[in-house]
Structures are given as C-alpha cells and as structure tokens.
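One is the number of the first residue; the rest follow in order along the sequence. Please read these numbers as outputs of a predicted model, since none were measured by experiment. We count ligands from 1, going down the list as the structure has it; atoms in each ligand are counted the same way.
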Amino acid sequence: MNILGIVGSLRKDSVHKQVFNHYKEIAKNQFELSEGSIVDIPMYDGENMDNAAVVKLAEQIRKADGVIFFSPEYNYSIPGSLKNALDYLSRVDPQPFVGKPAAIIGASPGAVGSARMQYHLRQVGVFLDIDFMNKPEVMISGVFSKLADGRITDATTVEFLEVHSKAFEAFVKKHN
Ligand code: FNR
C-alpha cells in the first residue's frame with residue numbers, strides 16, 4: 001500500500017516534516033509513506049496548468065492509495081501554501097483527490113494541536129470529494145517539548161501514531 005504524505009509547512013526546520021519522517025518509520029509495517037511536495041507550486045493565477053510541480057503532485061496523488069496531510073495551523077486555519085496547492089490541484093483535470101481516502105496529522109506548540117486548521121481542511125475536502133477518515137484524530141499539543149533530533153520523544157504520542165497508522169490502513173483497505 002502506497003500512501004502520499006503532504007507536508008503543509010515550507011519551513012526548513014518544520015516540526016511537521018519531523019513528524020512526517022518519524023511517522024513514516026512508525027507506519028512501515030502498515031504502508032509505505034512517500035512525500036508529495038508543495039514547495040515548488042506557484043501561486044494559482046488560472047494560467048499555467050502545465051506547471052511541472054502541480055502536474056507531478058497531481059499524478060502522485062492519483063497513483064497513491066491514500067493521502068495524509070501533515071500540517072500546521074496558521075492564524076486558526078490552513079496555511080496559505082497548502083490552501084494554494086489545494087486550489088491549484090482542484091483545477092487539474094481529472095481532479096486528483098476525488099474519492100481519495102485521507103487523514104490529517106497536525107501539531108502545535110500550544111494546547112490546540114492544529115484542531116481549527118483540521119476542521120477547515122475537512123471543509124475544503126467536502127468540495128474536493130476527499131474521503132477523510134473521521135477518527136482517530138491526531139492533534140499533537142506542546143509539540144516542541146515532544147521532539148528531539150528530528151524524532152518524537154513522547155512515548156504516548158508514538159503509541160497513538162501507531163494506532164493511527166493501523167486505523168488508516170484499515171480505512172484505505174475498505175476503499176479497494
Ligand atoms: C503560527 N502558529 C500557530 N499555532 C497555532 O496553534 N494556531 C495558530 O493559529 C497559529 N498561527 C500561526 C501563524 C503563523 C503565520 C505562524 C508562522 C505560526 C504556530 C505554529 O503552530 C508553529 O510555528 C509550528 O511550528 C508551525 O509548524 P511547522 O512549520 O514547524 O511545521
């Protein structure tokens with residue numbers, strides 16, 4: 001089973017990139033997780049639908065058995081970089097997300113763990129026909145104290161991500 005991870009942060013030291021990297025290892029008995037990058041996607045202007053980064057990501061999404069978004073919350077919502085990528089991809093024909101099983105993993109330094117972003121992303125997914133797994137939800141609070149050297153050091157979070165990867169594997173299998 002091949003799952004595509006889309007990291008919603010462009011930051012070099014992104015905690016979501018670190019969580020993505022560790023989750024890949026945690027989930028290795030359930031599925032292979034590769035990265036679909038939004039880094040080179042330009043701002044959508046309705047013109048260049050042949051942009052290489054957009055075409056590549058659309059194709060990766062189509063080929064994947066499922067998608068997991070690893071994204072921060074910016075100002076109580078979806079980071080502009082990720083929203084722009086979703087807007088661009090929504091105009092690609094055929095739209096790559098239709099019927100795609102997906103999940104969201106988010107974290108924050110504070111207590112809310114990106115929950116508000118997650119519900120906005122689920123709302124966007126309604127129009128894109130993304131089939132989001134409802135539960136378990138992953139909202140990692142106090143993330144800066146749960147990471148060291150690019151790995152999640154908090155045992156409870158690691159265990160929960162194991163549970164999540166098993167649930168997502170079962171969710172994706174139901175689609176096939
Ligand atoms: C944030 N951050 C943030 N955190 C949060 O819990 N709710 C929020 O609304 C916001 N808003 C916000 C806006 C902007 C522009 C930035 C740069 C940051 C903090 C954010 O969760 C934190 O910087 C994370 O480290 C971002 O994830 P990455 O980039 O480390 O993966």
- Task: Scan I6, I105, V15, V7 and name whichever one has a side-chain contact (heavy atoms from CB on, under 4.5 Å) with F20.
- Result: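 Among the candidates, only V7 passes.
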Quick one: ligand 1 N/O to protein N/O pairs below 3.5 Å?
{"unit_1": "ligand 1", "atom_1": "7 (N)", "unit_2": "E73", "atom_2": "OE2", "d": "2.9"}
{"unit_1": "ligand 1", "atom_1": "9 (O)", "unit_2": "E73", "atom_2": "OE2", "d": "3.4"}
{"unit_1": "ligand 1", "atom_1": "9 (O)", "unit_2": "N75", "atom_2": "N", "d": "3.0"}
{"unit_1": "ligand 1", "atom_1": "9 (O)", "unit_2": "Y76", "atom_2": "N", "d": "2.7"}
{"unit_1": "ligand 1", "atom_1": "11 (N)", "unit_2": "E73", "atom_2": "O", "d": "3.4"}
{"unit_1": "ligand 1", "atom_1": "11 (N)", "unit_2": "N75", "atom_2": "N", "d": "2.8"}
{"unit_1": "ligand 1", "atom_1": "27 (O)", "unit_2": "H16", "atom_2": "ND1", "d": "3.3"}
{"unit_1": "ligand 1", "atom_1": "29 (O)", "unit_2": "S9", "atom_2": "OG", "d": "2.7"}
{"unit_1": "ligand 1", "atom_1": "29 (O)", "unit_2": "R11", "atom_2": "NE", "d": "2.9"}
{"unit_1": "ligand 1", "atom_1": "30 (O)", "unit_2": "R11", "atom_2": "NE", "d": "3.4"}
{"unit_1": "ligand 1", "atom_1": "30 (O)", "unit_2": "R11", "atom_2": "NH2", "d": "2.7"}
{"unit_1": "ligand 1", "atom_1": "30 (O)", "unit_2": "V15", "atom_2": "N", "d": "2.9"}
{"unit_1": "ligand 1", "atom_1": "31 (O)", "unit_2": "S14", "atom_2": "OG", "d": "2.6"}
{"unit_1": "ligand 1", "atom_1": "31 (O)", "unit_2": "V15", "atom_2": "N", "d": "3.2"}
{"unit_1": "ligand 1", "atom_1": "31 (O)", "unit_2": "H16", "atom_2": "N", "d": "3.1"}
{"unit_1": "ligand 1", "atom_1": "31 (O)", "unit_2": "H16", "atom_2": "ND1", "d": "2.7"}

[X] side chain near [Y] side chain, heavy-atom distance below 4.5 Å:
| X | Y | value |
| --- | --- | --- |
| I104 | I68 | no |
| P136 | F168 | no |
| D154 | I140 | no |

- Message: Side chains of H164 and Y23: any donor to acceptor distance under 3.5 Å?
- Response: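 There is such a pair between these side chains.
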- Task: May I ask you to decide whether D87 forms a salt bridge with K83, counting only side-chain N to carboxylate O separations under 4.0 Å?
- Result: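 Judged by the 4.0 Å cut-off on N to carboxylate O distance, D87 and K83 do form a salt bridge.
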